[in-house]
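Proteins get letters first, then strands, A, B, ... in listed order; numbering begins at 1 in each.
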Amino acid sequence: MLPEFELLMPRTLPEALEMMNESSRVIPLAGGTSLLVDLRGRISRPQMLINIGGLDELRGVRVEEGYVVVGSAVTIADLKHNVLIAKHGQVLQQATRVFANPLVRNRATIGGNLAYGSPAADAAPPLLVLDAEVELTCKDAKRTVPLKEFITGVRETVRHPRELVTAIRWPILPEGSVGVFHKLGLRKADAISVLSIAVMLHRKNTEDYAQVRIALGAVAPTPIRVTPAEELLSGGPLTPEVIARAAQLASESTHAISDIRGSAAYRKRVITALVKRLLTNLAEGTKEKKHNESEGYHS
Amino acid sequence: MKAKAITLNVNGRRHQVTLFPNVTLLEALRDLSYTDVKNGCEKGDCGACAVELNGKVINSCLVLAWQADGAQILTNAGLGTMESPHPLQEAFADAGAVQCGYCSSGMIMAAKALLDENPNPSETEIREAISGNLCRCTGYTQIVNAVQMAAEKMMQQRAQE
Ligand SMILES: Cc1cc2nc3c(=O)[nH]c(=O)nc-3n(C[C@H](O)[C@H](O)[C@H](O)COP(=O)(O)OP(=O)(O)OC[C@H]3O[C@@H](n4cnc5c(N)ncnc54)[C@H](O)[C@@H]3O)c2cc1C
C-alpha cells in the first residue's frame, strides 16, 4: 500500500500551473517510475501530488528556430523511436536503448529523469554534450537554464517548487558532429549506471580541427562536463598522444565518488579507459567517413 | 484523501470503480479479480504486474489507478481462452516455460509487445525485451524458446491468411 496523499488531475498545462501556484508543496508526478518507488519506500512523504504525465502540451518532439525541443513528458520509449531524435540527437537515442528496461521506458519521462536530480540519470550525459537547456515554467513566467547549471547536487535542482520542467532543448548540431554514449552497469540490461559517459566530436573540413565535449554520469554528486579535458583537446588535432593525455586529465580532474556500485579508484580507472576508447573510435570513425564517405553514426 | 469514481476498461469489459488516489492500477486490477496480474516487487524491478495500458506494456505497480481512468487495459487473461489460447500462451505451455507460473503473465505481455513490433526477433532481442521481467525459477532458456516458437507460429498463421 502506498501512503496517503491527495492527487490533483489537471487537464491542461495552464490549469496545472495554476494549481502549482497555489502551494509550494505540490509534487509533480510524471511517469512515476522514481516517485512511486520512493513513496512506497517511504523515502519521501508528499501530501499532494499533481499528475502531469498526460498533459498534451508536454508531449511531442519538434524542431523550432534552430533548436530541437522535447516536451518534458515525452517518454524514453518515444525518444528511442523518434525520427527527429535519430537525426538530431543520436547520442541521446543511444542512451535510450540501454535505459532501464522496456516496461520502465514506456512510462519514464525525460523531464522526470532530469528533475529527479540523480547523479546516475542516463539522459543527462548525452544532453550535457548536446549543450541542452531546461525550460522551466510557472504561472506567470518562463525561464531557460543550461542543463549544466540545472542539477546542483544529489536530488537537488534549481527548479522552484512552483515551476514545472516543460521542455528540454538543444541547438541543432553543425554538420560533421558525431556523438557516442556508453553505459557501464553491473549487468547488461536494467541496471543503474556505475558510470556513464557521452562524447561529442565536431570536426571542420580540415582534419586537424576538432571540438570535443565530454560528460560523465554517476561519478560525482551531479552529472558533469569534463572541462579540463575538453579544453586540452579543443582545436585539435586528435593525435593518440593528446587523446591519452586528455583521458588521464579527465580522470585526475574528476572528484569521483565511492558507493555500493563501485569505488572512486575504480571509477577513475574506468574514466581514463573509456575517454580514450570512445575518443579514439570517434576520431577514427570520422576520418574513415571523410575518406570513403561511409555511413558513421551521426550525432 | 477523497475517493473518486473512475472507469477502467479491462480486456474489453468496462468497470466503474470508486477509488482513493493512492491505489495503484495493480491493486485495482487484482481487486476486480484480474488475478493473472501478479504482485511481485511493487517497485518496477520484476515485471510480474505487466499489462498493456493503451497499447504499451508497463508495470501496473507504478501507475496510479486514477492515471488509467478511461484507458484500455489488456492483461494476459485477455489474450486468449483455454479453448483458444494466444500463440504465446500455447508456446509457454508447450516449451515448459511455466514453472511456478508467477512471472508468466508479465513475461507473456512483454513478449507480446516485442512480437507486435518485431515479428521475427533474434535471441538477443528476445532477451532484451524481457529484461524487465524476472523469473525466480530461472527458466529463461525455455521462456526464450517459447517466444521463438510463438513467433514462428504467428508468422505461419499470417502467411496462411
Ligand atoms: C526498474 C527501474 C529501472 C530504472 N533504470 C534507470 C536507468 O537505467 N537509467 C536512469 O536514468 N533511470 C532509471 N530509473 C529511474 C527512472 O525510471 C528515471 O529516472 C525516469 O526518467 C524518471 O521519470 P518519471 O517520469 O518516471 O519521473 P517521476 O517518478 O514521475 O518523477 C521523478 C521526479 O521528478 C519530478 N518531476 C517529474 N516530472 C517533472 C516535471 N515535468 N517538472 C518538474 N518536476 C518533475 C517528480 O516530482 C519527482 O521528484 C529506473 C527506474 C526503475 C523503477
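Residue contact with chain A, scored on non-hydrogen atoms closer than 4.5 Å, involves the side chain of B:Leu53 exclusively. Residue contact with chain A, scored on non-hydrogen atoms closer than 4.5 Å, is absent for B:Glu52. For a residue to count as touching a neighbouring chain, one of its non-hydrogen atoms must lie under 4.5 Å from one of that chain's; by this rule B:Asp45 touches chain A with the backbone only. Only the side chain of B:Glu27 comes within less than 4.5 Å of a heavy atom in chain A; its backbone stays farther off. Of the atoms belonging to B:Val63, heavy atoms from both backbone and side chain fall under 4.5 Å from chain A.
With hydrogens and angles left out, the side-chain atoms of B:Gln148 and B:Glu152 include no donor and acceptor closer than 3.5 Å. In this model, no donor atom of one side chain and acceptor atom of the other lie less than 3.5 Å apart for A:Thr75 and A:Asn106. In this structure, a donor-acceptor pair under 3.5 Å is absent between the side chains of B:Asn76 and B:Ser104.
For B:Arg30, the CZ atom sits in a packed shell: over 12 heavy atoms of surrounding residues, nucleotides or ligands are nearer than 6.0 Å. Environment of CZ in B:Arg136: sparse, with no more than 12 heavy atoms of neighbouring residues, nucleotides or ligands closer than 6.0 Å.
When each of A:Leu103, A:Val104, A:Leu49 is scored by its heavy-atom pairs under 4.5 Å with chain B, the top score falls to A:Leu103. Chain A forms more heavy-atom pairs under 4.5 Å with one residue of B:Gly132, B:Ala129, B:Ala110, B:Gly47 than with any other, namely B:Gly132. Ranked by non-hydrogen atom pairs under 4.5 Å with chain A, the options B:Val23, B:Asn133, B:Ile58 are led by B:Ile58. Chosen from B:Met109, B:Lys43, B:Gln67, B:Arg127, the residue pairing most often with chain A at heavy-atom distances under 4.5 Å is B:Gln67.
The pair B:Glu128-A:Arg105 meets the salt-bridge criterion, with a side-chain N (NZ, NE, NH1 or NH2) lying under 4.0 Å from an Asp/Glu carboxylate O.
Annotation: side chain of A:Pro3 is in contact with side chain of A:Arg42 (closest heavy-atom distance under 4.5 Å).
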